[in-house]
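Just so it is clear, the values below take in all heavy atoms, side chains as well, and ignore hydrogens, waters and symmetry mates. Every chain is numbered from 1 and lettered A, B, ... according to where its sequence line falls, protein lines coming before strand lines.
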Amino acid sequence: MASKALTEWRKLPVTLAELCIDTTLRCGQSFRWRKIKDEWICALHGRILALKQDPKYVHYKITWPDAMPGVAKSSIKRNGDALDDSEELLRRYFALNVNLTALYEQWSAADANFRQKAPKFTGVRMLSQDAWEALICFICSSNNNIARISQMVHKLCQHYGPLIGYVDGEPIHDFPTPEALCASDVESRLRELGFGYRARYIAETARVIANDKPVGWLEGLRNPGYDIKVENGDGESTRSTYKAAHEELLTLSGVGPKVADCVCLMGLGWAESVPVDTHVWQIAQRDYKMGKAKTKTFNKVMYDAVGDLFRNIWGNYAGWAHSVLFTADLRAFSDKGFKQEPIEEDEIMKNERSPVKKRTTANSNRNNSDVAPVKKEEEAEDVKVSSLPSPGPAKRRRIK
DNA sequence: GACGGACCTAATAC
DNA sequence: AGTATTAGGTCCG
């Protein structure tokens with residue numbers, strides 16, 4: 001029997017500058033959190049986690065399955081409350097060992113655009129999600145929107161994931177295992193559930209992970225130093241291994257460069273990984289003058305160039321910084337945000353003339369010789385974003 | 001090896 | 001009310 005202690009609220013001291021769960025849990029990196037009666041709810045590692053936040057604390061409550069009537073007992077072993085690992089789980093999931101305030105200062109010092117946008121989007125952290133879950137969720141994300149991705153992931157859990165318990169009468173399921181998605185009818189079933197062409201990707205990838213790859217293959221792609229040393233990884237080896245992980249992921253069905261980077265960044269601890277999607281490409285063009293007239297097509301070379309540009313500006317945690325600007329660019333946050341207008345030219349110039357001193361960022365000792373398609377300063381006609389008086393994001397041109 | 005289309009769907013925009 | 005467009009891309013020819 002679960003003791004009462006486990007179902008009571010506990011608190012973790014965290015400032016809103018270090019973590020804003022309201023933003024972080026809605027900005028398109030995780031798709032399973034749901035807000036139910038003013039609490040953020042998600043099943044993680046076989047238990048239900050409930051979160052609330054005030055300016056000084058994150059309050060959390062854990063509910064184990066065997067405390068729920070009619071729910072199968074947890075398969076996870078626990079040796080009593082004393083050894084409950086929920087706080088550690090929380091610290092790891094939110095990567096609280098990383099000093100976000102210091103990183104914002106660093107990014108702001110190096111980048112005028114970040115300095116302008118970030119103040120309205122503080123406390124946006126990169127979550128350390130399960131790599132398998134990130135893999136499947138971001139396969140779902142292709143050519144899709146956050147609302148539908150969340151809906152699809154929810155269905156995936158409902159139909160294939162273990163029931164962990166109920167919150168406010170709603171069943172809460174954990175994420176399904178690869179094995180659970182290996183049945184022969186999974187693809188057709190997922191199509192019926194509205195997954196579209198991603199159904200085949202998911203079924204194939206699940207089968208490859210469960211049957212073809214060696215046990216632990218995906219976890220083996222993890223950044224080994226990420227949870228251990230917080231700052232200053234070895235830039236050289238880190239980069240090559242990140243590249244290797246990225247390349248390995250590309251062999252999976254439904255996984256292209258962007259999805260592979262999402263898995264690297266959000267599931268495998270490669271903080272320098274920068275997933276370049278339509279938003280990031282827009283940002284690179286609009287705010288960093290990437291992709292001049294000739295090269296406005298978006299190809300693999302350009303993909304790598306955008307990532308390298310941001311790694312050069314932001315350093316080893318470029319993926320974290322990217323998430324802040326990505327969030328600022330999301331329509332869901334447009335009420336909070338700026339009008340999507342280019343920043344002042346002189347700000348950009350200032351920015352370009354002092355590209356991150358490598359020593360101040362204490363890392364990024366990679367060669368930045370390959371920043372290729374940067375810009376000249378004229379040709380603003382393409383960059384122009386209509387500044388309509390009405391609210392809502394400016395109309396964007398299609399890049400596909 | 002680069003490039004253009006097709007690909008599922010549901011919500012929103014005209 | 002019906003149709004076109006869009007949304008965190010990937011695969012294929």
Colleague: Taking C:dT10 as the reference, what is the distance to B:dA11 when you measure between their P atoms (whole Å, please)?
Modeller: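 Those two atoms are separated by 24 Å.
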Colleague: For the side chain of A:Gln29, counting heavy atoms from C-beta on, which of B:dA10, C:dT10, C:dG8 is nearest?
Modeller: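 Ranking B:dA10, C:dT10, C:dG8 by closest atom to the A:Gln29 side chain puts C:dG8 first.
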Colleague: Rounded to the Å, how far apart are A:Gln151 CD and B:dT9 P?
Modeller: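 My rounded result for the distance is 12 Å.
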Colleague: Decide, yes or no, whether a salt bridge links A:Glu192 with A:Arg189 under the criterion of side-chain N to carboxylate O below 4.0 Å.
Modeller: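 Salt bridge flag = yes for A:Arg189 with A:Glu192.
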Colleague: Answer with base, sugar-phosphate or nothing: what part of the nucleic acid does A:Pro275 contact at a heavy-atom distance below 4.0 Å?
Modeller: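 Here A:Pro275 touches the bases of the nucleic acid.
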Colleague: What about A:Tyr197: does its side chain form a donor-acceptor pair under 3.5 Å with the base of C:dG9?
Modeller: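 Flag set: donor-acceptor pair detected.
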Colleague: Report the distance from atom CZ of A:Arg198 to atom C1' of B:dA6, rounded to the nearest whole Å.
Modeller: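 These atoms are roughly 13 Å apart.
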Colleague: Looking only at non-hydrogen atoms, find the nearest pair between A:Arg222 and A:Glu219 and report the distance.
Modeller: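 Where A:Arg222 meets A:Glu219 most closely, the heavy atoms are NE-OE1, 2.8 Å.
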Colleague: Does A:Lys300 have more than 12 heavy atoms from other residues, nucleotides or ligands lying within 6.0 Å of its NZ?
Modeller: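 Above 12, so yes.
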Colleague: To the nearest angstrom, how far is A:Ile139 atom CD1 from C:dG8 atom P?
Modeller: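 So the two atoms are 18 Å apart, to the nearest Å.
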Colleague: Just checking A:Arg191: base, sugar-phosphate only, or nothing, at a heavy-atom cut-off of under 4.0 Å?
Modeller: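 Sugar-phosphate, backbone atoms only, no base.
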Colleague: Strictly under 6.0 Å, is that where the ring centroids of A:Phe175 and A:Phe31 end up?
Modeller: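 A:Phe175 vs A:Phe31: aromatic centres not under 6.0 Å.
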Colleague: Categorize A:Val276 for me: base, sugar-phosphate, or nothing, with a 4.0 angstrom heavy-atom threshold over every strand shown.
Modeller: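 Here A:Val276 touches no strand at all.
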Colleague: What's the gap between C:dG8 and B:dC7 when it is taken at their P atoms, as a whole Å value?
Modeller: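 Comparing P positions in C:dG8 and B:dC7 gives a spacing of 22 Å.
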Colleague: Using Watson-Crick or G-U wobble geometry with both distances below 3.5 Å, tell me the partner of C:dA4, or none.
Modeller: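 Its partner is B:dT12 (Watson-Crick or G-U wobble, both distances under 3.5 Å).
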Colleague: Round to a whole Å and report the spacing from CG of A:Asp329 to P of C:dG8.
Modeller: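 Rounding to the nearest Å, CG of A:Asp329 and P of C:dG8 are 10 Å apart.
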Colleague: Looking at A:Glu133 and A:Pro176, would you say the former's side chain and the latter's main chain have a donor-acceptor pair under 3.5 Å?
Modeller: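 No.
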Colleague: Grab the CE-C1' distance between A:Met152 and C:dG9 for me, whole Å please.
Modeller: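 Computing the A:Met152:CE to C:dG9:C1' distance gives 12 Å.
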Colleague: Identify, between A:Ser30 and A:Tyr201, the residue whose nearest nucleotide on DNA chain C lies closer to the 5' end.
Modeller: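 Upstream on the strand: A:Ser30.
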Colleague: Quantified in whole Å, what is the P atom distance between nucleotide B:dA6 and nucleotide C:dT5?
Modeller: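 B:dA6 and C:dT5 have their P atoms separated by 14 Å.
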Colleague: So which heavy atom on A:Val276 is nearest to which on A:Lys258, and how close?
Modeller: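 Looking at all heavy atoms of both residues, the closest pair is O-CG, 3.5 Å.
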Colleague: Check this for me: does the side-chain of A:Lys258 come within 3.5 Å of the base of C:dG8 through a donor and an acceptor?
Modeller: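 Checked by distance alone, the answer is yes.
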Colleague: So what does A:Leu252 hit on the nucleic acid, given a heavy-atom distance under 4.0 Å: a base, only sugar-phosphate, or nothing?
Modeller: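 A:Leu252: backbone/sugar contact only, no base atoms under 4.0 Å.
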Colleague: Output the rounded distance in Å from CG (A:Asn143) to P (B:dG5).
Modeller: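 Rounded to whole Å, this separation is 15 Å.
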Colleague: Which is true for A:Cys140 with a 4.0 Å heavy-atom rule: it touches a base, it touches only sugar-phosphate, or it touches nothing?
Modeller: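 No contact.
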Colleague: How long is the line joining CZ of A:Phe298 and C1' of B:dG5, in whole Å?
Modeller: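 Going from A:Phe298 (CZ) to B:dG5 (C1'), I get 18 Å.
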Colleague: Less than 3.5 Å between a donor and an acceptor, one on the side chain of A:Arg200 and one on the base of C:dC11, is that the case here?
Modeller: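 Answer is no: no donor-acceptor pair is held.
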Colleague: If you assign each of A:Val255 and A:Cys27 to its closest nucleotide in DNA chain C, which residue comes earlier from the 5' end?
Modeller: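 So the residue in question is A:Cys27.
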Colleague: Any side-chain N or O of A:Asn145 less than 4.0 Å from the OP1 or OP2 oxygen of B:dA11?
Modeller: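 No, A:Asn145 has no side-chain N/O under 4.0 Å of OP1/OP2 on B:dA11.
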Colleague: Can you tell me how far C1' of C:dG9 sits from CZ of A:Phe326, to the nearest Å?
Modeller: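 To the nearest whole Å, that distance equals 13 Å.
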Colleague: Roughly how far apart, to the nearest Å, are B:dG5 and C:dT6 at atom P?
Modeller: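 One P to the other, the span is 16 Å.
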Colleague: Would you mind classifying the nucleic acid contact of A:Gly194 as base, sugar-phosphate or nothing, using non-hydrogen atoms under 4.0 angstrom?
Modeller: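 Sugar-phosphate, no base atom in range.
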